[in-house]
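See below for the structure under consideration.
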Amino acid sequence: SYNAFDRVECAPGDMGACMDTGGHGTHVAGTVAGRRYGLASCATVHAVKISEGHAGASIDFLEAGIDWLIRYHNANIRWKWANGKKLRSVVVASLNAEAPVSHLNSMFVKLTWNGVAVSVAAGNNDVDACQSSPASAGGKSGSAVVTVAASAIDDSKAPYSNWGSCVDLFAPGTGIASAAAPDVTDGYTVMSGTSMAAPLVAGVMALVSEAYPNYSPLVIKYWLIWNSRQGLIDAVVPSSVVSDAYLRDILKRPGALTVKELNYLTRATQVECIGGRCVAEDAHNIDATPNLLLRIPRNDLAKTSWWSRQRRLSEATADTDTDTDVNVSAVQEEPLLVCNWTVGVLDGAECPPKGTAVCGELRGHDPLGASVLRPFVRKHAVCADGCWCDPDAPEASYEEYVSCVGNPKYPNDYEYSGEACSPVYVLDRASEVEALQDKTLVYAPLPGGVAFNAPQVLAGEGVVDAFATATSEGEIQMDGETLYMTRPVKLPIGTDSSLKRSLWSHETFSFFGHDYETIYVSENGYICFTESNVQAATPSIDEHFSAARGPCFSVFLSDLAFDSRGAAGIYLTHIFAGAVAPYTPRATVVTYYLAHGDGDTSGNTFSVQARFEYFSNSVRVSFDKQLPTTLSAVVGPSAGAVPRGFAPSSAHELVFG
């Protein structure tokens, strides 16, 4: 945790200068992750204190807090795993400046650029949220920031809530019970405001981040919007539908509500009647706002172990959902299911079927350096869906690499080709180049994700020109499925240089056992996962496996050149499923389009394409129908070190042998 105005970092378990003295932050945190009232009840909470008590905060203090958040996230959360699960971060900002401040908005957008999902309050002045910050960073702005307005107990617009096109969705914000600051003896208090609605969304973001750990902040925002209940927000009087149980057990306990908060529960808005026709004054504000109410589909909840059913956001007799949904404004308590850790295989990577031909020799080494009979899988601790498992239990850190060979004394389960795993092909003969014309090589990782078997060869499935030549995004047929693609972007890459680009909005790709969110596309045919110190390409094995180059995939030719005056160049596009949000990312595609060899004056051009497919973490390299046969080249993956027993393979033998 961090005290931004004193610039003091607090150690875990010792809040000290980071202690909440006003109660607002405690209530917000309890809604996100509290044991009794929280949604993501197993999340770790970090406090960022930007004011003392109920005093306001300056933008300087807020900026210092966000800078600390980004540093902490990048050092301790991003690209990290714990107990077999990818770590993610969510930030909730229940604060508001009563004017649009672009610098303040950009701070929260910067968080999303660093892979942090962000939920912000719309504000409590019953005005257009586009006139305040950071609320104006959401909605129509197009950023991944989610701006949350507040609804009342009957799903009406809360009378205080800001509204407008900068709002993304509504969430319950009226009469919310949550954790209280230490000086409140009964342990909870009831508050109302968009400050109470935003943490509900943040809690759902945490659940979604666990259910779908590869979702970027923008995809999480699309998920929230797509799964919201549409058209329910109205302007009616909530006191007519407040349940007796909620009034008796929560709201009317001594000291639980202020007069202002009680007013929020007994009126939605003023109603003006003219000529016998009564119109709520909030009607036009609701029309100007996306009429979406936060919802969590049950089938997505089943994918999480954080789901705490020991919460009571509201016991109102609101409309119930179907059997497939849960309305977060009316969830009944159920006991929390506590489970023991079990042992499972990472990402479902099972052993290959018996009798399969695999690369390499019988005996190899696992990533920890231990000798093992190949192939092998990584086993680790797994918490069953819908359960909570103690993260501090000794078995939570279990990890082991296990051989797929059934009987070590008679290891005849698999056939071994003797060829190096992660096969790399050096092309220095015309016959080898001709063998790859109009072919696609599919590199799929072996179980364990630390090596590649010999690639599958697909004939007649070469370069897909649409990936480079489309002038706009649109529908595309791929592998017998209707998918969609973003508009290809031509990359401005100079000679012997590279350009850093994100994968699908911070989607991750696993390469030799490590997850990456960015790629470095090189002019000379290399696509790397870290910034390379080797820019000039040479078709040599030493250069390909150079540690200075890092983890890379060489797609084909070195010493490429392009005609800068035409359509020739290097293009990047993304492939996804779903015509509407939430989109499912499928692949990122890099196309070297209409290239020619450096110094080649024949005028002949060719194209080469690499498709990095998520979830399977496979790479498809596709070649043009007519490739030049005069240049040497390297094709294949490199972890930045020469594999044990490596020997280059012949592409001619790969295709025809």
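Quick note: numbers below take in every heavy atom, side chains included, and nothing from hydrogens, waters or symmetry partners. Heads up: numbering here begins at 1 and tracks the sequence.
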Would you name the heavy atoms of [X] and [Y] that are closest together and state the gap between them?
X    : Y    : answer
V118 : M205 : O-CE, 3.3 Å
C404 : D413 : O-OD2, 4.1 Å
F108 : P134 : CD1-CB, 3.5 Å
A587 : R611 : CB-CG, 3.8 Å
G65  : V48  : CA-CG1, 3.7 Å
C552 : F511 : O-CZ, 3.5 Å

Point to revise | Check: F606 ring centroid to H596 ring centroid under 6.0 Å | key: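 For F606 and H596, the ring centres are not under 6.0 Å apart.
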
**Study point:** Proximity of F529 and F512 rings by center, below 6.0 Å
**Key:**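 No - the distance between ring centres of F529 and F512 does not fall below the 6.0 Å cut-off.
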
Does any non-hydrogen side-chain atom of [Y] lie less than 4.5 Å from one of [X]?
X    : Y    : answer
S618 : Y443 : no
V90  : S209 : yes
V555 : V635 : no
P585 : N214 : no
H46  : Y72  : yes
S532 : Y520 : no
Y593 : V463 : no
V219 : Y212 : no

Drop me the distance from [X]'s [atom1] to [Y]'s [atom2], to the nearest 0.5 angstrom.
X    : Y    : atom1 : atom2 : answer
L491 : S522 : CG    : OG    : 11.5 Å
L572 : K490 : CG    : NZ    : 14.0 Å
L69  : K110 : CG    : NZ    : 11.5 Å
I575 : T588 : CD1   : OG1   : 8.5 Å
C528 : Y516 : SG    : OH    : 10.5 Å
I519 : F612 : CD1   : CZ    : 6.0 Å

Review point. Considering residues, nucleotides and ligands other than K80, do more than 12 of their heavy atoms fall under 6.0 Å from its NZ?
Key: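 Yes, because the 6.0 Å sphere around NZ of K80 holds more than 12 heavy atoms from other groups.
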
Keeping the roles fixed (side chain from [X], backbone from [Y]), state whether a donor-acceptor pair exists under 3.5 Å.
X    : Y    : answer
S622 : T440 : no
Y592 : A568 : no
R374 : S403 : no
R549 : E543 : yes
T518 : R501 : no
R88  : Y215 : yes
N617 : S510 : yes
Q609 : V589 : no
D168 : T147 : yes

Point to revise | Set of residues satisfying side chain to side chain contact (heavy atoms under 4.5 Å, CB included) with respect to E475, sequence neighbours excluded | key: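 So E475 forms a side chain to side chain contact (heavy atoms under 4.5 Å, CB included) with Q477, T482, Y484.
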
Check your understanding: Where does the angle between the aromatic ring planes of Y526 and H544 fall among parallel (under 30°), tilted (30 to 60°) and perpendicular (over 60°)?
Key ->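 Tilted: the ring planes of Y526 and H544 meet at 30° to 60°.
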
**Study point:** S371 vs R363, side chain to side chain contact (heavy atoms under 4.5 Å, CB included): CA-CA, chis, key distance, verdict
**Key:** CA-CA 7 Å; S371 178; R363 187 166 296 279; 3.0 Å; yes

Practice item. Apply side chain to side chain contact (heavy atoms under 4.5 Å, CB included) to the pair L436 and L441, showing each step before the final yes or no. Key: CA-CA 9 Å; L436 292 181; L441 304 183; 4.2 Å; yes

Review point. Pick one: which of I527, T591, V521 meets side-chain contact (heavy atoms from CB on, under 4.5 Å) with I570?
Key: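 Only match with I570 under side-chain contact (heavy atoms from CB on, under 4.5 Å): V521.
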
Review point. Residues two or more places apart in sequence or in another chain: which of them pass salt bridge (charged side-chain N to carboxylate O under 4.0 Å, His left out) with K625?
Key: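 K625 satisfies salt bridge (charged side-chain N to carboxylate O under 4.0 Å, His left out) with no residue once adjacent residues are dropped.
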
Check your understanding: Taking only residues two or more places apart in sequence or in another chain, which ones pass salt bridge (charged side-chain N to carboxylate O under 4.0 Å, His left out) with E531?
Key ->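 Testing E531 for salt bridge (charged side-chain N to carboxylate O under 4.0 Å, His left out), a comparison that skips the adjacent residues, returns none.
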
Point to revise | Worked verdict on V201 versus L224 for side chain to side chain contact (heavy atoms under 4.5 Å, CB included) | key: CA-CA 8 Å; V201 172; L224 290 169; 3.8 Å; yes

Practice item. Carefully, step by step, assess R620 and E613 under the rule salt bridge (charged side-chain N to carboxylate O under 4.0 Å, His left out). Key: CA-CA 8 Å; R620 293 191 178 210; E613 300 183 345; 3.0 Å; yes

Review point. Does the distance from a Lys or Arg side-chain N to an Asp or Glu carboxylate O, for K86 and E210, drop under 4.0 Å?
Key: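 Judged by the 4.0 Å cut-off on N to carboxylate O distance, K86 and E210 do not form a salt bridge.
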
Exercise for review: Verify whether one side chain among T486 and H574 offers a donor that lies under 3.5 Å from an acceptor in the other.
Suggested key: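 Side chains of T486 and H574: no pair found under 3.5 Å.
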
**Study point:** Test log, rule side chain to side chain contact (heavy atoms under 4.5 Å, CB included), inputs L111 and W113
**Key:** CA-CA 5 Å; L111 278 168; W113 288 348; over 6 Å; no

